[in-house]
Amino acid sequence: MRSPYRIAIATIAAVSVIVAAAAAGRAQRGAATGARADLTARIVVAAQGVLTTLDEAERARVQFPFDGPQKARWSNLPSPMFQRTGVRLADLTSAQRAAVMTLLSTALSRDGYRKVVDIMRGDEVLRTTQGSGGGGRGGGRGPSFGENEYYLAFVGAPSATAPWMLQFGGHHLAINLTLAGSQATMAPSLPAAQPASYTLEGRTVRPLGNENDKAFALINAMDASQRAQAILGYRVADLVLGPGHDGRTIQPEGIRASALATPQQTMLMDLVHEWAGIMNDAFAEPRMAEIKANLPNTYFAWSGPTTNGSAAYFRVQGPTLVIEYAPQGSVDHIHTIYRDPTNDYGATFTAK
Amino acid sequence: MWGGVSSAHRRDELLQAARLAIDPDRVQLTLDLTPGIAVAQSVLSAIDRDANGSISDAEARAYTEEVLRAIALDVDGTPLRIELADRAVPPIDAVLRGEGTVRIRAAAALPRLAEGRHRLRYHNGYGPDIGAYLANALVPASDRIVVAVQRRDVDQRDLVVEYTLRGDPAARARAGVPVGAAGALVLIANLWWRRRPREAR
């Protein structure tokens, strides 16, 4: 027979464990929030590191008001087909340029930074093989390719607490990282590539190779019934929600992730991480958790052949996520887009 | 020279991206037409009809009307009249650079539809020789519309959206007011009758 004394002890112990677990959870969340706020502070220091290298005219060129139109001024097109503003790498000294790259390496994950650099180097390959571009301002109206043709802008003043955006882009690249204290989003952003594969110093570089290979692995991991749901019966020629299509949500199509087996869901999340994980791990982690929480209502759609090496379009769409991968007529020219229909440009945490 | 663009971006197609927003009483159509650089001149010749190097308002209107004439919308087989709501035609040099997009916004009123399943059909017959098409239904703004399925031909020139129209809760509430009022009157009359002194009955 249990004594009241033992029951009381057991109850107190159980309550203590629950309280301790809750406190630990709060502490963990608090620590994670603190780590993200610290990261923002480090990004701000790196951004100020860029600003201190610029002269007054350059500082005026790089800085834009947070509530102005600059936020939405990004494109996949090369300059000057799309006229970018901000400071252009070609106009910077090596020290200034180094400060910009330090800022990017601080704000992005290791893989994200590598992806950005690989895209830029790919454009340099395009410049040398196409024999065009590099003309710069006033040097003709042709498109300017190459790793010098990327622009940095700060939309809002870099701040550890107030909202601002780090905008970096050029041909086939738009990184829009909105920060507000411990919160951050990289939606919308556009990583793209042409050529999609090139050789640099004896090494084959595929800026979006993981995205391609993981998607083909996923579609090929599906059984016939799953594929029948995932594969769209029509051609998709381009991004549906590319540049200029902010604030639109299309009806989702394809297979629902709830119809996938657990290993297939893991593959889908791994694929999504190729985009969500471009920003620094501290910010990517809560973003991935949010996407995972919405996984049952997330869809995967495919258009095209399922043999790797073919040009195929795919889309991942959930309540807070849109990813599109759209080959432009060949496997060597890829456009992609990453969006959060609920939080593009940090709408949820920058609203006044 | 624009040679570099040739391999950098879509060059020989006229991308026509359509988005359909279905409301209970109308359909809104947004159509973006972006000519690739190799077909820009032929598309421009259809816009700048007097070839004077600039696009007048009348030319812009004529072009958008020509495009809309090639678009067909019907609901449950009943053709819908498409009305132009707004248009934006880019400068000629932007089109020639391959960055110009003609934006057309149009709308079609829907007939009064019964609650239940309906079928909206969209057909784009414009520029079939050079067209590359996208057609998508947007997530409806009204919770009375639930899109069930979208079906397309392989080129996305044809899109069929099957959707369910739910009843209007506000209309139901409005319809319920007279019934409720009548019921309340009957109840009050009944109570009054029962409370009358026995001798008064």
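Just so we're on the same page: letters track the sequence lines, and every chain starts at 1. Quick caveat, the model's predicted, so the values are computed rather than measured.
Under 4.0 Å is where a charged nitrogen must lie from a carboxylate oxygen, and between A/E253 and B/R152 at least one such pair does. In summary, A/E290 and A/R287 engage in a salt bridge, as defined by a charged side-chain N under 4.0 Å from a carboxylate O.
Interface residue A/L239: only backbone heavy atoms are found under 4.5 Å from chain B. Of the two parts of B/D153, only the backbone, made up of N, CA, C and O, holds a non-hydrogen atom closer than 4.5 Å to a non-hydrogen atom of chain A.
Remark: B/R119 CZ is loosely packed, at most 12 non-hydrogen atoms of other residues, nucleotides or ligands lying under 6.0 Å away.
The residue among B/D32, B/T101, B/T30, B/V139 with the most heavy atom pairs within less than 4.5 Å of chain A is B/V139.
Put simply, the side chain of A/R84 gets close to the backbone of A/S75: a donor and an acceptor are under 3.5 Å apart.
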